[in-house]
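First the structure, in the form of structure tokens, and then the observations on it.
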Amino acid sequence: MSLCRTPPLSIVHYGSDVCNSVPDGYLPVGGPGYKDMLKKSECEAYKIGKKCREDALKKCVKASDKKTLENGIKRDEAQISNYCS
């Protein structure tokens, strides 16, 4: 299994120095193609989050955790339909 993964879309879009001279906690915004890059990035993030929560549900979880995971999956599905369409 490879530990390599695709770089985040912001790095692909803006380059590897995307965060140079940007204060911690801030992201660069704007520029040509930003809206499309953001939509793809959010789509990818919600799909990853949904899979993580689905995998967690398959393990033994407390009842209170189960409800939280299920609510997270519902939110992910709504956002996936928004960003991935």
Side-chain angles (χ1 to χ4, degrees):
M1 173 187 233
S2 172
L3 296 178
C4 298
R5 54 182 290 246
T6 305
L9 288 172
S10 59
I11 290 176
V12 172
H13 183 76
Y14 290 107
S16 61
D17 62 349
V18 65
C19 292
N20 288 357
S21 68
V22 176
D24 286 346
Y26 291 87
L27 296 172
V29 295
Y34 176 77
K35 279 186 163 185
D36 289 334
M37 183 277 305
L38 179 63
K39 185 174 180 177
K40 289 176 186 174
S41 178
E42 291 296 308
C43 173
E44 180 181 325
Y46 281 109
K47 285 181 178 181
I48 290 168
K50 181 178 181 238
K51 180 172 180 353
C52 179
R53 282 178 266 287
E54 289 171 337
D55 290 346
L57 271 177
K58 294 175 187 173
K59 299 176 184 176
C60 290
V61 295
K62 297 184 290 187
S64 60
D65 293 338
K66 183 178 179 183
K67 186 67 176 165
T68 299
L69 291 168
E70 290 171 340
N71 288 339
I73 290 169
K74 287 178 187 175
R75 186 222 40 234
D76 293 336
E77 288 170 344
Q79 294 300 337
I80 287 168
S81 68
N82 181 38
Y83 287 109
C84 302
S85 57

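Remember, predicted model here, so these are calculated numbers, not experimental data.
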Quick one: which of K51, K50, R53 gives a side chain to side chain donor-acceptor pair (under 3.5 Å) with D76?
R53

If you measure from CD1 on I80 to CD on E42, what distance do you get to the nearest 0.5 Å?
11.5 Å

Of all the heavy-atom pairs spanning C84 and K47, show the shortest one and how long it is.
SG-CE, 3.7 Å

Could you go step by step and tell me if K58 and E54 meet the salt bridge (charged side-chain N to carboxylate O under 4.0 Å, His left out) rule?
CA-CA 7 Å; K58 294 175 187 173; E54 289 171 337; over 6 Å; no

When rounded to the nearest 0.5 angstrom, what is the spacing between OH in Y34 and OG in S41?
8.5 Å

Ion pair present between D36 and K40, side-chain N to carboxylate O less than 4.0 angstrom?
no

Separation between CD1 of I73 and OG1 of T68, rounded to the nearest 0.5 Å
11.0 Å

Side chain proximity check, R75 to Y46, heavy atoms < 4.5 angstrom
yes

Rounded to the nearest 0.5 angstrom, the CG-SG distance for L38 and C43 is 11.0 Å

Hey, could you give me the CG/NZ distance between L69 and K74, rounded to the nearest 0.5 Å?
12.5 Å

